[in-house]
Amino acid sequence: MKVYLDNNATTIVDPHVFAQMEPFFVQRYGNPNSLHSFASETHPALKDAMEKIYAGIHAPREDSVVITSCATESNNWVLKSIYFEYILTGRKNHIIVSEVEHPSIIATAKFIESMGCRVTYLPINHEGVVEAERVREVITPKTALVSVMWANNETGAIFPVEEIGEICAKHNVLFHTDAVQAIGKVPVDVQSFNVDYLTMSAHKFHGPKGVGALYIKKGKELKPFFHGGAQMGGLRSGTLNVAGIVGMGKAMEQAIDALDFEMSDVRQMRDTFEDQLLEILDTFVVTPREKRTPNTILISFRGIEGEAMLWDLNRAGIAASTGSACASEDLESNPVMEAIGAAEDLAHTAVRFSLSRYTTQEEMDYTINVVRKAVERLRGISSSYAYSPEIR
Ligand code: PLP
């Protein structure tokens, strides 16, 4: 049996999404900006897709949704644009990010830090959550931007973006949230709280890879990151990824339709699986489930290296993760486990299971049996588990 439980890394493209994209490869392949029928044939589908993306996050027409190549681009754009506009010019000198942001924020923050910007990395609490209070403590009149993700990719922890947005508004500071792991998992409404920029990525909600977006509130325009042919209203040059945009639009529509299912059925399946995992001796979950997206579990099995568990799971056809896919080649400890100050013996034991609306109960039943056997086998050969009874 093959079981895919790595949906926070990427998701299967929904067949309806794929069907809508397909004609834009070999039939309607025109460049939308050309002056002939091949171009104009793409326009209705593009318009429809953009409307679906706006509707999915409740963005008013006066605001902008700019299509990018991925969330990494959107995140880079926000931070670097703020750097050019506010830091380099000396108007402000500081930005705030959480210490558990995706590498596309952390690495960019470190880059602009190396260029002279002061960066505060907000800590998470023992539950893996960034508290809004931490923002209040460090925000200053010289802060240009606060960037805190909506939901964490490793733990699924949901961060208090409404409260953080309010603090930013009070201090007249721009607020960006990376909502990549929130879309399709929790209701996202940019009009319901103060947010200036919001990052999305289609492949995390059953759309295609290589297409993302950045929501920009009216009046908070950014300087373009890509200069060129002035597509996307001059905000993001580059020939439009027609099939990708069409796919993202359809995927957004489906994600919104499936939201109740995610929040009830997927959650229920996740919770049952989690109960079964926690019945295994010496297991440990950081973030309480009610503070998490409905599909995610990050769990530690004491005495078992995360990679060893992945190896056993993979041999049985099950795909899980030890953290973010981008970092999984370096065999480092999980950054969230490090951030909560997990002891060295636990920091390397985290395994992430992330479900989707395609996950079946049969797959979960199969997985729990494989996990139980893997725990028995791996603890049987684990020197740290067998010979350190004081940590049990
Ligand atoms: N932000 C978060 C929270 C993510 O989980 C990811 C992907 O893992 C990204 C950004 C990057 O997304 P993309 O692959 O579209 O660049």
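Counting convention: from 1, in listed order, for ligands and their atoms alike.
Distances between N or O atoms of Ala71 and those of ligand 1 include at least one value under 3.5 Å. Backbone and side-chain nitrogen or oxygen atoms of Thr72 are examined, and one is located within less than 3.5 angstrom of a nitrogen or oxygen of ligand 1. Polar contact with ligand 1: absent for Asn8 (N/O pair, distance under 3.5 Å). Residue Asn75 has no N or O atom closer than 3.5 Å to an N or O atom of ligand 1.
Every atom of ligand 1 is numbered from 1 in the order shown, and the set under 4.0 Å from a heavy atom of Gln181 is 3 (C), 4 (C), 5 (O). Annotation for ligand 1: atoms under 4.0 Å from non-hydrogen atoms of Asp178 are 1 (N), 2 (C), 3 (C), 10 (C). Heavy-atom contacts of Cys70 reach the following atoms of ligand 1: 13 (P), 15 (O), 16 (O) (cutoff under 4.0 Å). Of all the atoms in ligand 1, the ones that sit under 4.0 Å from a non-hydrogen atom of Asn153 are 3 (C), 5 (O). Against a heavy-atom cut-off of under 4.0 Å, Lys204 is close to the following atoms of ligand 1: 5 (O), 6 (C), 7 (C), 8 (O). For ligand 1 and Ser201, the ligand atoms under 4.0 Å from any heavy atom of the residue are 13 (P), 15 (O). Counting the atoms of ligand 1 from 1 in the order shown, those under 4.0 Å from a heavy atom of Met149 are 3 (C).
For the pair Arg61 and Tyr54, the cation-pi test (distance below 6.0 Å, angle within 45°) is passed. Within the cation-pi definition used here (under 6.0 Å to the ring centroid, within 45° of the axis), Lys142 does not qualify as a partner of Tyr86. A cation-pi arrangement is not found for Lys250 relative to Phe18, the charged atom failing to lie both closer than 6.0 Å to the ring centre and inside a 45° cone about the ring normal.
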Expected list for residues 26-34: side-chain donor-acceptor pairs under 3.5 angstrom, two or more places apart:
from, atom 1, to, atom 2, distance (Å)
Asn31, OD1, Asn33, N, 3.0
Ser34, OG, Asn31, O, 3.3

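Contact analysis leaves Glu101 out of contact with ligand 1, as no non-hydrogen atom separation drops below 4.0 angstrom. At least one heavy atom of His203 lies less than 4.0 angstrom from ligand 1.
For Ser64, the side chain to side chain contact (heavy atoms under 4.5 Å, CB included) partners at least two apart in sequence or on another chain are Val66, Ile216, Leu235.
Residues Ile53 and Met248 form a side-chain contact, since some pair of their non-hydrogen atoms from C-beta on lies under 4.5 Å apart. By the 4.5 Å heavy-atom criterion applied to side chains, Arg236 and Pro224 are not counted as neighbours.
Across Ser237 and Gly229, no two heavy atoms sit closer than the pair OG-N, 3.3 Å.
Counting heavy atoms closer than 4.0 Å to ligand 1, residue Lys209 contributes nothing at all.
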Criterion side chain to side chain donor-acceptor pair (under 3.5 Å) on Tyr358 and Asn7, from CA distance to verdict: CA-CA 10 Å; Tyr358 285 91; Asn7 286 282; over 6 Å; no

